[in-house]
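These numbers come from the heavy atoms of this one structure, side chains and all, not from hydrogens, waters or symmetry mates. Note that the structure is a prediction, hence the values are computed from the model and not measured. Residue numbers start from 1 in every chain, and the chains themselves are labelled A, B, ... in the order their sequence lines are given, proteins ahead of strands.
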There are 2 protein chains.
Amino acid sequence: MRLAQGVEWGLHACVLLAVIPESAALPAGRLAEYHGVPAAYMAKNLQALSRAGIVESVPGQKGGYRLARPAGEITLLDVVEAIDGTEPSFRCNEIRRRGPAAVAAREYRAVCTIAEAMWRADERWRAELRAQTVGDLVAGLGRAVSPKAVAKTATWFQEVLP
Amino acid sequence: MRLAQGVEWGLHACVLLAVIPESAALPAGRLAEYHGVPAAYMAKNLQALSRAGIVESVPGQKGGYRLARPAGEITLLDVVEAIDGTEPSFRCNEIRRRGPAAVAAREYRAVCTIAEAMWRADERWRAELRAQTVGDLVAGLGRAVSPKAVAKTATWFQEVLP
DNA sequence: GTCCCTATACTCGGATAGCAAGTGTCCGAGTATAGGCGG
DNA sequence: CCGCCTATACTCGGACACTTGCTATCCGAGTATAGGGAC
């Protein structure tokens, strides 16, 4: 089970968008440049975030992307589901209804016990992601990233932000 | 993010192996037949379970597979990791170290905040799977599966078990 | 000097190839069994 | 009648094609900007 690569990029992009001035917008190319990833693919993932209403796009020259709502109201689950999809990781194919022990469909009222257990674990995973927001990540940034990196980022901002 | 198909089959297979007499062994072909799935692919997954020490194989004629230890000591996580692998769903590529804001490797002592959050969610998922055993599934089987299906399974057992 | 218009350059958005991993399959090595033979 | 031996048939185990979905890319539609011209 592997989460899509774009989830990592989407999360980093959201964090970066959360620390720029609220009125400014950062184009996909710049976001890709900052993270050292292919611009075209980063753009694709940003489109997914846009469709989900997490970021909003500003068209035209000097346009780009910015957060559609405060970072504290964007959960990690929002970002993950926007890029990776909402369906649970475990998909029940009801194989219990096949083979020699199969009985009439009427008999299968209770949900498959195995699927139930797997979906419960899935829900735990989602609950944890739902409990944390992009704002929390930004708040914890001070102790996690070195002052030098902060300074270089600030310099980069002055270059790309008008 | 999609869990491998084989996980579902492996779990169902373990449940079935848990309800047959302890000394008996069920070949891969029979397990596949019971669940209505391709025999060759079911065999592949059983091999993974065998490598992980969850089931043990009995070679030769009248051979097959049986649980390597009591069902109560086989967690769902054991089965999932045996088939789907043990690496976490989120893979951190350290993209923070790339691009114009990158600094010396020495500065990145703290783990990436985003990866930390994702891995914590992953651990919640694993903890939930670790808390439930194949034995628990078997215990809950009585209320989940209809008496008719139980009867048909018993009949099938009499055909395939010597 | 101010306002309006036009051309530009930049942006996003969706449609299009490439590749890796999961899915599905096959055949060979090994072993417990069943039958036959000899004592 | 009993024990041993051999041939058999069945099992698992690993190596080989194929398909789906993620990865990566490109080009067209749309818009705010910047510059120039008219008043």
Side-chain angles (χ1 to χ4, degrees), chain A residues 1-10 13 17 23-33 35-66 68 80 82-85 87 89-91 93 95 160-162, chain B residues 1-10 13 17 23-33 35-66 68 80 82-85 87 89-91 93 95 160-162:
Chain A
M1 183 177 56
R2 221 186 55 200
L3 215 51
Q5 190 86 351
V7 170
E8 184 183 9
W9 303 2
L17 289 177
S23 60
L26 221 49
R30 293 295 182 186
L31 279 164
E33 174 193 346
H35 294 107
V37 298
Y41 192 34
M42 173 61 99
K44 182 180 174 65
N45 291 314
L46 286 168
Q47 284 166 28
L49 292 176
S50 175
R51 270 193 294 270
I54 294 171
V55 304
E56 62 184 9
S57 62
V58 179
Q61 204 172 12
K62 298 275 179 182
Y65 290 99
R66 65 184 167 203
V80 170
I83 293 175
D84 202 69
E87 58 182 334
S89 58
F90 182 84
R91 196 165 31 151
N93 290 99
I95 66 175
V160 302
L161 292 180
Chain B
M1 184 177 56
R2 220 187 56 199
L3 216 48
Q5 190 84 352
V7 170
E8 182 182 12
W9 302 2
L17 289 177
S23 60
L26 221 48
R30 292 295 182 189
L31 278 165
E33 173 193 348
H35 294 106
V37 299
Y41 192 33
M42 172 62 100
K44 181 181 176 67
N45 292 314
L46 285 168
Q47 285 167 27
L49 292 177
S50 176
R51 270 193 294 270
I54 294 171
V55 304
E56 62 184 8
S57 63
V58 179
Q61 204 173 12
K62 298 275 180 183
Y65 290 98
R66 66 183 166 204
V80 169
I83 293 175
D84 202 69
E87 58 182 335
S89 58
F90 182 84
R91 197 165 31 154
N93 290 100
I95 65 174
V160 301
L161 292 178

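- Rounded to an integer number of Å, the gap from CH2 of B:W9 to C1' of C:dG22 is 11 Å.
- Here the C1' atom of nucleotide D:dG14 and the NZ atom of B:K44 are 9 Å apart, to the nearest Å.
- Rounded to whole Å, the distance from CD on A:E33 to P on C:dC10 is 14 Å.
- Checked by atom type, the side-chain pair A:Q5/A:N45 shows no donor-acceptor distance below 3.5 Å.
- The side chain of B:Y41 has C:dT23 as its nearest neighbour among D:dT25, C:dT23, C:dG13.
- As judged by a 4.0 angstrom heavy-atom cut-off over every strand, B:G29 is placed among residues making no nucleic acid contact.
- Regarding B:L26, its CG atom lies at a distance of 16 Å from the P atom of D:dC10, rounded to whole Å.
- DNA chain C is contacted by both A:G63 and B:G6; A:G63 maps to the nucleotide lying nearer its 5′ end (nearest heavy atom per residue).
- Residue-level contact check: A:A40 touches the bases, meaning some heavy atom is under 4.0 Å from a base atom.
- Taking each heavy atom of B:I95 and A:W9 in turn, the nearest pair found is CD1-CD1, 3.9 Å.
- For the pair B:R30 and D:dT11, the criterion of a side-chain N or O lying under 4.0 Å from OP1 or OP2 is not met.
- Distance CG (A:L46) to C1' (C:dG14): 15 Å, rounded to an integer number of Å.
- Proximity of B:R2 to the phosphate of C:dT23: a side-chain N or O atom is located under 4.0 Å from OP1 or OP2.
- Side-chain proximity of A:S57 to the nucleotides D:dT23, C:dC12, C:dT23 is greatest for C:dC12.
- Here A:S50 does not reach the OP1 or OP2 of C:dC12: none of its side-chain N or O atoms lies under 4.0 Å away.
- Rounding to whole angstrom units, CG of residue A:D84 and P of D:dG21 are separated by 13 Å.
- We find the CG-CG distance between B:L26 and B:L46 to be 9.5 Å, quoted to the nearest 0.5 Å.
- The main-chain N or O of B:M1 is found under 3.5 Å from a side-chain atom of A:D84 such that the two form a donor-acceptor pair.
- Atom-to-atom, CD of A:Q5 to P of D:dA24 comes out at 6 Å; the value is rounded to the nearest Å.
- Checking D:dC12, C:dG14, C:dC12 against the side-chain heavy atoms of B:A28 singles out D:dC12 as nearest.
- Comparing C:dC12, C:dT31, D:dA24 by their nearest atom to the side chain of B:P59 picks out C:dT31.
- In this structure, CD of A:E87 is placed 13 Å from C1' of D:dT20, rounded to the nearest angstrom.
- For B:M42 against B:A32, the heavy-atom pair with the smallest separation is CB-CB, 3.8 Å.
- Within the structure, every side-chain polar atom (N or O) of A:R51 is placed at least 4.0 Å from both OP1 and OP2 of C:dG13.
- Where A:V58 and A:P38 meet DNA chain D, the nucleotide closest to each residue was compared, and A:P38 sits on the side nearer the 5' end.
- Among D:dC12, D:dT33, C:dG13, the nucleotide with an atom closest to any side-chain atom of A:Q61 is D:dT33.
- Atoms OG and CG, from A:S89 and A:L3 in turn, are 10.0 Å apart once rounded to the nearest 0.5 Å.
- Nearest-nucleotide mapping onto DNA chain C: of A:G60 and A:Q47, the residue sitting toward the 5' end is A:G60.
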